[in-house]
Amino acid sequence: MSAPLLRIQDLRVEYASPRGPVQAVAGVSLTLNRNRILGLVGESGCGKSTVGQALMGLIQSPGRIAGGDIRFEDKSLIGLPEREMRKLRGDRLSMIFQDPTATLNPVLTIGDQIAELFRWHRPQMRRREVQARVTALLERVGIIDADRRRRAYPHELSGGMRQRVVIACALALEPALIVADEPTTALDVTVQAQILDLLRGLQSEHGTAVILVSHDLGVIAETCDDVAVMYAGRVVESGPADEVLARPRHPYTAGLIASRPSFGAPDHVVRPIPGTVPDLARPPAGCAFHPRCQKAVAACRDAIPTLSPIREEPRHAVACPLAA
Ligand code: SF4
C-alpha cells in the first residue's frame with residue numbers, strides 16, 4: 001500500500017496572548033490519501049482553519065507551531081525554509097479561502113492573476129501556451145466565454161464567478177492537495193451547490209486530495225469521503241463521513257447534527273447545543289466538552305479522552321470513553 005499523501009501527527013499550534021498561550025490546536029493527528037476529500041467540521045474557534053493554515057505554512061506571529069509534525073509527500077513541512085514552502089504552495093499545495101474578494105488582486109485581470117502562477121512556477125512556458133492554459137482553466141471551472149472573460153477584473157464578476165476564478169488559481173499547477181477553507185460560505189445556496197459539484201468533479205478527474213474546512217455538516221455530508229469533527233483544538237470523532245454522520249458516537253457530533261435545521265429526518269427537531277466553545281487560553285480540565293455535555297459524569301473532568309476506534313467499525317474513532 002502506498003504511503004499517505006499527508007500525515008499530521010500530534011500537531012499543536014498556540015498563540016501568545018496577555019492571558020497566556022491560546023491552544024488553538026492541541027494535538028491533532030490526521031491522515032489523508034490521494035483522491036480523497038476529508039472534511040474538518042466544528043463550530044468557529046475549534047481550530048479547524050488553524051490546521052489548514054499550519055499545513056500551508058501560514059501561521060504568523062503571535063502564533064507558532066508548538067509541536068508535532070506535518071509530513072506531505074513524505075517530507076516534513078515543519079521548519080521548512082520559507083523559500084521552499086513558497087515553492088510548494090501553488091505547485092503541490094494550494095488553498096481556497098472563503099472570500100474571493102480578499103484573495104484576488106483588484107488591479108489585475110483574472111487572466112493575468114492565473115498567468116502569474118505559471119510565470120512564477122513554470123518560467124519555461126511560452127506566453128501563448130500560458131494564455132491557452134488560462135483559458136482552458138477558466139472553461140474548466142465553468143466561466144462562459146472564457147477567452148474574453150480572462151481580460152475582466154475581479155469587480156466585473158459576480159461572487160460565484162470570483163470563487164470559480166479562485167478555484168482556477170488553486171488548480172492551475174495541478175497540486176496534489178487543496179485546502180478549501182469555507183469555500184462556499186459567502187455564496188448563495190444555488191452557487192454553493194455548483195461550486196461543491198465542481199470541487200468533487202475536479203477531485204475525481206485529477207485525483208487531487210482535498211481538505212474541506214466547514215462549519216456546515218450539510219456541505220460535509222454532500223462532499224466528503226471522510227470527516228474529522230473538531231472541538232476545542234482536538235479531533236473528537238473521525239471516520240468515513242457517511243458512517244460518522246449516520247451513527248455519531250460523540251455527544252458533540254450528535255449535538256452538531258441535532259442543531260442543524262435541515263439535516264436528518266423530515267420530522268427533525270432543531271436542538272442547539274447549550275453553552276459556547278471554551279476559552280482556549282483556559283480550557284476546562286479533562287474533556288473540554290464536559291460543561292456542555294448532557295452525558296457528562298464526574299470522571300469526565302479527570303483526563304482528556306483519547307481518540308480510539310470503536311469495536312464495530314475500526315475506521316470510526318471517538319474521543320469519549322462513555323460513547324465508545
Ligand atoms: Fe461528554 Fe464525558 Fe464523553 Fe466528554 S467524555 S463527551 S463530557 S460523556
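Both counts, for ligands and for their atoms, begin at 1 and track the order of listing.
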Go through the steps for Arg12 and Asp10 under the test salt bridge (Lys or Arg N to Asp or Glu O under 4.0 Å), then give the verdict.
CA-CA 6 Å; Arg12 280 169 285 128; Asp10 196 25; 3.7 Å; yes

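Around atom 1 (Fe) of ligand 1, protein N, O or S atoms at a distance under 2.8 Å total 1; waters are neither shown nor counted.
Under the 4.5 Å side-chain heavy-atom criterion for grouping Ile, Leu, Val, Met, Phe, Trp and Tyr, Val210 is not connected to Val179 through any hydrophobic cluster. Placement of Leu138 and Val166 within a single hydrophobic cluster is found when ILVMFWY residues are connected by side-chain heavy-atom separations under 4.5 Å, directly or transitively.
Note on residues 151-176: pairs passing side chain to side chain donor-acceptor pair (under 3.5 Å), not counting sequence neighbours, are Arg164-Gln194.
Here the side chain of Ser29 pairs no donor or acceptor atom with the backbone of Gln9 at under 3.5 angstrom.
Across Arg260, Glu182, Glu43, a single residue satisfies side-chain hydrogen bond (donor to acceptor under 3.5 Å, both in side chains) together with His215, and that is Glu182.
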